[in-house]
Every structure is written in structure tokens, then in C-alpha cells.
J.: 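Sharing a structure, written as C-alpha cells. Questions coming.
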2 protein chains.
Amino acid sequence: MDITVPKGKRKAFQRLETRALILESAKALFADKGFERTTVRAIAASSEVGLGTIFKHFEDKNALLAAALHDDLAATLERAFKEVKHEKTARENFIHIASRLYQYYAVNPSLSKTLVQQAMFSKGKCQTVLDEQLSDFIGVIDGLLEKGKEKQEIKQSADNRAVAFNFFSHYIITLVSCLNQPTFSPESALAQLEEQLDITYSGIETTPGSKR
Amino acid sequence: MDITVPKGKRKAFQRLETRALILESAKALFADKGFERTTVRAIAASSEVGLGTIFKHFEDKNALLAAALHDDLAATLERAFKEVKHEKTARENFIHIASRLYQYYAVNPSLSKTLVQQAMFSKGKCQTVLDEQLSDFIGVIDGLLEKGKEKQEIKQSADNRAVAFNFFSHYIITLVSCLNQPTFSPESALAQLEEQLDITYSGIETTPGSKR
DNA sequence: CTATAAAGGTGAACGTGTTCACTTAAAGAA
DNA sequence: TTCTTTAAGTGAACACGTTCACCTTTATAG
């Protein structure tokens, strides 16, 4: 019997507290040992909770990783979105957002790789969390493109949806490609992304004006 | 004592035969039950081989899948490469190759998804097999682009390496994106790929000539 | 207050991928 | 041939993710 929460909501509070405890331990252990080398039993022991309890709070070990990184990732995204400057080009703003994300992934490339893998391939349900962030991301790019059209950066005939997907493709492939390198450097990832954006912007077909 | 191979190479032959037996069973079971729902024990039983034997032939269950699909995939790739017509544009040839691959993946989308996932994220060693195919793929695209430059389809200033990577990015992201749908249709995947190639070809920036 | 229902918490037990000490048989040396 | 070495083959044992029947505690009904 605890006096801090004398209401009829002790259970709900306990639940949240337990969840937080588990997440804290999970985060620390994942960061320390990596995903595969961290056992659910170790997380249970570290958070002083029964093994089964963890699975009352999280669908599986993957969901645990997603939850452990979710808050930081969401904060990174939100911060990046807020830093969008409307006087800058769509491209500059996009690169800035990508830059922030790459910096975040660089904190722990190994964990990031696992997270990205799960986001891209997870079966059915728990992907919702990451899908939301993807939708946000695509939505923001869409907005940037619209602004870009207004300021003559981008041609009117371009389809925002398709171009947003194009940007996202390059962002994600560059990320995966660089996460597979022995070391992940946000700078080289950005350079690679810029190279692809060059192509997306200028196109590759011969044009009447540039047939030298 | 078998009379068919009386040489001093019985062991080598036995080994190959055992390997083939395992692969045959693995292929059938994977196709029937899917990757996760097929146990290594079931493969061992079906191929009438000890459990440990499988791991003398394959690093792990993932390698088993890669090996099971490798030959078909290699054949698909080779066939697609041979169908390249030099009188067609680089884009048409690329789309044709992608089309063949998408058709192959469509045979068993679930297995394909697992295979692609492993190819993109496998740790360290066994990825070699798939990496080879990737190198081939990139190499062929590179060649197509060079031809494309000769026939004025693609501007000289384009960097083949970067553009080949660009093509590959769209190919792979489209594949993953479509494999995550409830049903995988090569046709809709191709449509999506074409949409992205449109962007890559024409570019999105406003040009002096197209400022309407 | 008591009785009942609901929900959090628990760890033994299970299934499965993977390892390893050992057996067996082929290849090579004497 | 006979002995030695090498490697294929094997399944018991292990580690870990996951499940589930059960317990305990809180919430709710009477």
C-alpha cells in the first residue's frame, strides 16, 4: 500500500512505472551490448521484473527496441521539422532534416541498423509506430515541395507525392547503404544523398539546351 | 561401397549429394510452409540427414534460404541480361531486367521478402553471394548507361556510377515497398518504378525552357 | 464489508536455431 | 595391407525468444 497514489488508479500507475523501468533497462543494455547480444532475461533481471512481465508490456523483443528508441527518434524528428526555414530551398531543408536523422543514427549505428531493418520488414502489426513517423516525414517533404514550387525551385508539373517518395527512397537507401559500411559517418552519407539529389534535380536525359 | 564412384573421390561426391539433398528439401519446405514456419529439424528429417549435418553445409538457416533460391535467381538474372537489346534505350532495357526480377519475386513474395531483407542487412560474411549479383546488376546498368550516352539518350555529364546507383535504389525500394503490400503484383511494381524513372530522367528543377 | 471480476505479474515449460564432442568412414602414408 | 589423418555426419545439450496456466493485487458490484 503506497500513499503517493491513494486513488483508485494505483494499477494504472504501477503499470506505467513498470513499463518505464523495463524501457530504461532495455535502452541501457541495448546500447551497451547491442540488440542480439542483449537477452530478454537480462532486461528482466536488470529491471527487477519477471520474464513474463516484459511480454505483458511489449509484443516481442523487436517492439522493445522500437519503444526504447522511439522517444529519442520522435524528438529528433520534431526538432528537425522545427528547424525548417521557409526562406531556404526545399532541397536545403530536406538535407537538413536528413542530416539530423543521420546524426541520430550515428549515435549507435548497430542499433539503428536493426531498427531500420525492422521498420522496413516487420510483419503486420507493431510497425504502426514507425509508419506514423514515415507518414509525417513524407508529409513534411510534400509541404517542402509545394513551397519549392511557389518559389520556382521546382517545376509545377512535378507530382509532389511521387517526388516525396523519390526523396525518401534516396534518404533510406543511402542510410542502409552507409549503415552497412564498417563505420557510419553522417557526413559521407549526406554527400551520397546530395549526389543522388543532384540527379533528381537536373535529370539525366539529354535536353535541347545541353547537347554538348 | 558404391560402384558408381569407385575413385578416390567418394567423399567429395557424397558431400555434394548430401548438399543437394538438403537444398532440395529446403526449397520444397520453404515454398510450402514459408521461411519462419519451416524448422531446420523438418529439413533434416525430410532430407534424411542429421540435424548437425545441415550446419556442416550451411552457416545458418539464412544461408540455407539464400542457397535454395540462388540458382533460380542467378538463372533469372542471366536470362534477363541476355535479353538486353542494344537497339533499345537504356531505360527500356533496365525496365525489362527489373520486370524479369519482379516476376521472379512474385512467384513467392513472402520468401522473396525474407531474402531481400537478408541481402540488405545480413551481417558480415555470407552476403557475398548476393553481393556478387548486386555487382553484376550495377555493372550491367553501367554498361546500359554508357550505350545510352552514345545514342544521345542520356547526357554526357551524368556520372554512370551515381546514376546506376540511382536506378538500383529505385528498383530496390520499389521492390521492398511492393513486397510489403498484402499482394505483390509485378505490374504495379513496374508502374511505380517507371514513375520514379520519369523523375530521374526529366529532373524536377525549373529549367529556362519549361517555366510555364 | 464481502464477493466477484479484472488486470498485472510470474516463472516453468516449450520450440527452435545453433554448437560441439564424438563416431564413422574415406583418403593418404608407410 | 595396415596405420594415421582428415573430414563428413550425428544428435544430445544449450541458449534464447515466446507462451501460458497460475498467483496476487487492485478495482468493482452487491
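Order of the sequence lines fixes the chain letters, A, B, ..., with proteins taken first and strands second; residue numbering starts at 1 for each chain.
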J.: Is any side-chain N of the basic residue among A/Asp198 and A/Arg91 closer than 4.0 Å to the acidic one's carboxylate O?
T.: yes
J.: Quick one: label A/Lys61 by what it contacts on the DNA or RNA (base, sugar-phosphate, nothing), any heavy atom closer than 4.0 Å.
T.: sugar-phosphate
J.: Measure from CD on B/Glu48 to P on D/dT10 and round the result to the nearest Å.
T.: 10 Å
J.: A/Glu59 has an atom CD; how far is it from atom P of D/dT19, in whole Å?
T.: 8 Å
J.: Output the rounded distance in Å from CD1 (A/Ile43) to P (D/dC16).
T.: 12 Å
J.: Expressed as a whole number of angstroms, how long is the span from A/Ile54:CD1 to D/dC20:C1'?
T.: 16 Å
J.: Expressed as a whole number of angstroms, how long is the span from A/Phe55:CZ to C/dC14:C1'?
T.: 13 Å
J.: Are any of the side-chain nitrogens in B/Arg161 or A/Glu195 under 4.0 Å away from the carboxylate oxygens of its partner?
T.: yes
J.: Just how large is the angle between the end axes of the helix from C/dC1-D/dG30 to C/dA30-D/dT1, five pairs per end, to 10 degrees?
T.: 10°
J.: Could you tell me if the side chain of A/Asn108 sits less than 4.5 Å from the side chain of A/Phe30, heavy atoms only?
T.: no
J.: At less than 4.0 Å, is any side-chain N or O atom of B/Lys11 found next to OP1 or OP2 of D/dA8? Yes or no.
T.: no
J.: Would you check if B/Lys85 and B/His96 make a side-chain contact, meaning some heavy-atom pair closer than 4.5 Å?
T.: no
J.: Would you mind checking if B/Glu78 and B/Arg100 are paired as a salt bridge, meaning a charged N to carboxylate O distance below 4.0 Å?
T.: no
J.: Got a sec? Which of residues 15-38 of chain A come in under 4.0 Å of DNA chain D, heavy atoms?
T.: A/Thr38
J.: Round to the nearest Å and state the distance from A/Lys56 atom NZ to D/dT25 atom C1'.
T.: 14 Å
J.: Pick the nucleotide of DNA chain D nearest each of B/Arg41 and B/His57; which residue has the one closer to the 5' end?
T.: B/His57
J.: Between C/dA26 atom C1' and B/Gln14 atom CD, what is the distance in whole Å?
T.: 10 Å
J.: Any chance you could lay out the side-chain contact (heavy atoms from CB on, under 4.5 Å) test for B/Leu64 and B/Ile22, step after step, and finish with the verdict?
T.: CA-CA 9 Å; B/Leu64 201 44; B/Ile22 295 172; 4.0 Å; yes
J.: Please tell me which of the listed nucleotides, C/dT18, D/dC16, D/dT10, lies nearest to the side chain of A/Thr39?
T.: D/dC16
J.: Using a strict cut-off of less than 4.0 Å between a Lys/Arg side-chain nitrogen and an Asp/Glu carboxylate oxygen, indicate whether B/Glu153 and B/Lys147 qualify as a salt bridge.
T.: no
J.: Side chains of B/Glu205 and A/Ile154: closer than 4.5 Å at any heavy-atom pair?
T.: no
J.: Could you state the CG-P distance from A/Asp60 to D/dT19, rounded to the nearest angstrom?
T.: 8 Å
J.: Indicate whether OP1 or OP2 belonging to C/dT10 is found under 4.0 Å from a side-chain N or O atom of A/Thr53.
T.: yes
J.: Do B/Lys113 and B/Tyr105 meet the cation-pi criteria used here (NZ or CZ under 6.0 Å from the six-membered ring centre, within 45° of the axis)?
T.: no
